**Q** 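Before we start, here is the structure in question, set down as structure tokens.
The structure displayed is predicted, hence computed values, not measured ones.
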Amino acid sequence: MTALDEANLTVPMMKLELVPVPVSDVDRAKAFYEKAGFILGVDTRPSEGMRVVQFTPPGSACTIVFGTGMGDITAMIPGSVKGLHLVVDDIDTARSALMNRGIPIGEITDFKSVKYAEFRDPDGNSWLLQEFPPELRQPGQSFYKEGR
């Protein structure tokens with residue numbers, strides 16, 4: 001991974017911190033993400049007809065948002081988000097944790113040493129657990145450990 005030299009950036013730093021996930025039933029989605037172990041950060045009704053719910057996957061700096069009355073965000077087709085990646089240190093442990101919470105999750109697939117397992121929310125938005133083997137992890141990537 002290329003080192004970041006902030007002095008030579010022609011575009012300022014930008015951090016992805018919020019991803020819309022379209023759902024058909026806010027309360028059902030909220031119950032699912034709580035069951036999956038995501039951390040509830042916001043559940044508010046700032047105005048009549050508007051509800052904003054935000055969850056953060058454990059250890060992530062990026063949250064997801066869903067709700068009602070949020071214009072283009074709530075106009076998205078429920079279940080249309082596919083392949084959101086949750087990078088994990090140990091896919092077996094992460095998969096077992098979800099299964100123990102009652103979340104249906106697929107088998108682990110090994111694709112050239114990178115492992116994946118998929119689960120879906122009630123609307124069909126898909127999530128992938130992803131594990132890079134320690135020897136392929138680079139500085140700056142999640143779970144990189146010096147000298148591993």
**Q** Please identify each residue that fulfils side chain to side chain contact (heavy atoms under 4.5 Å, CB included) with Arg45, with sequence neighbours left out.
**A** Arg51

**Q** Have a look at Val53 and tell me which of Val42, Leu40, Asp27, Val21 forms a side-chain contact (heavy atoms from CB on, under 4.5 Å) with it.
**A** Leu40

**Q** Minimum heavy-atom separation for Asp92 and Asp90, please, with both atom names.
**A**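 Taking every non-hydrogen atom into account, N-OD1, 2.9 Å.
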
**Q** State, with a plain yes or no, whether a side-chain heavy atom of Trp127 is found less than 4.5 Å away from one of Ile103.
**A** no

**Q** Any chance CG of Asn100 has more than 12 other-residue heavy atoms, nucleotides or ligands included, within less than 6.0 Å?
**A**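 Buried by this count: over 12 neighbours within 6.0 Å.
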
**Q** Nearest 0.5 angstrom please: Lys115 NZ to Leu129 CG, how far?
**A** 12.5 Å

**Q** When rounded to the nearest 0.5 angstrom, what is the spacing between CD in Glu131 and OG in Ser113?
**A**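 OG of Ser113 is found 10.0 Å from CD of Glu131.
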
**Q** Any chance you could measure Phe32, atom CZ, to Arg120, atom CZ, to the nearest 0.5 Å?
**A**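 Between Phe32 CZ and Arg120 CZ, I get 11.0 Å after rounding to 0.5 Å.
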
**Q** Tabulate below the donor-acceptor pairs under 3.5 Å that side-chain atoms of residues 55-66 make, not counting sequence neighbours, or state none.
**A**
unit_1, atom_1, unit_2, atom_2, d
Ser60, OG, Cys62, N, 3.0
Ser60, OG, Cys62, O, 3.1
Thr63, OG1, Glu17, O, 3.1

**Q** Using the rule that Ile, Leu, Val, Met, Phe, Trp and Tyr join whenever any side-chain heavy atoms are under 4.5 Å apart, tell me whether Ile73 and Ile77 fall into a single cluster.
**A**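 Unlinked, Ile73 and Ile77 end up in two clusters.
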
**Q** Distance from Ile108 atom CD1 to Asp110 atom CG, nearest 0.5 Å?
**A**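 Answer for the CD1-CG pair, Ile108 versus Asp110, is 9.0 Å.
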
**Q** Quick one: does Val88's side chain get under 4.5 Å of Thr93's, heavy atoms only?
**A** no

**Q** Give the cluster check for Met99 versus Phe38: same hydrophobic cluster or not, with ILVMFWY residues linked at side-chain heavy-atom distances below 4.5 Å.
**A** yes

**Q** Measuring from Arg28:CZ to Asp123:CG, what's the distance to the nearest 0.5 Å?
**A** 4.5 Å

**Q** Taking side chain as C-beta onward, heavy atoms only, is Glu118 less than 4.5 Å from Thr109?
**A**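 Sidechains of Thr109 and Glu118: no contact.
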
**Q** Start with the C-alpha gap between Arg95 and Phe119, add the side-chain angles, then the distance that decides, and say whether side-chain contact (heavy atoms from CB on, under 4.5 Å) holds.
**A** CA-CA 9 Å; Arg95 183 175 178 274; Phe119 67 98; over 6 Å; no

**Q** Identify the two heavy atoms, one from Val81 and one from Pro20, that lie closest to each other, and give their separation to 0.1 Å.
**A**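 Nearest pair, atom of Val81 first, then Pro20: CG2-O, 3.8 Å.
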
**Q** Is it true that Tyr33 and Val52 fall in one hydrophobic cluster, defined by side-chain heavy atoms closer than 4.5 Å?
**A**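 Hydrophobic grouping puts Tyr33 apart from Val52.
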
**Q** On a heavy-atom basis, which atom in Pro78 and which in Ser24 lie closest, and how many Å separate them?
**A** CB-N, 3.7 Å

**Q** Donor-acceptor check, side chain of Lys82 to backbone of Gly124, threshold 3.5 angstrom: yes or no?
**A**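 Side chain of Lys82 to backbone of Gly124, a donor-acceptor pair under 3.5 Å: yes, one is there.
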
**Q** I need the minimum non-hydrogen distance between Asn125 and Ser80, along with the two atoms involved.
**A**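 Here Asn125 and Ser80 meet closest at OD1-N, 3.3 Å.
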
**Q** Hydrophobic cluster membership, with links at side-chain heavy-atom distances under 4.5 Å among I/L/V/M/F/W/Y: are Leu98 and Tyr116 in one?
**A**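 Result: no, two separate clusters.
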
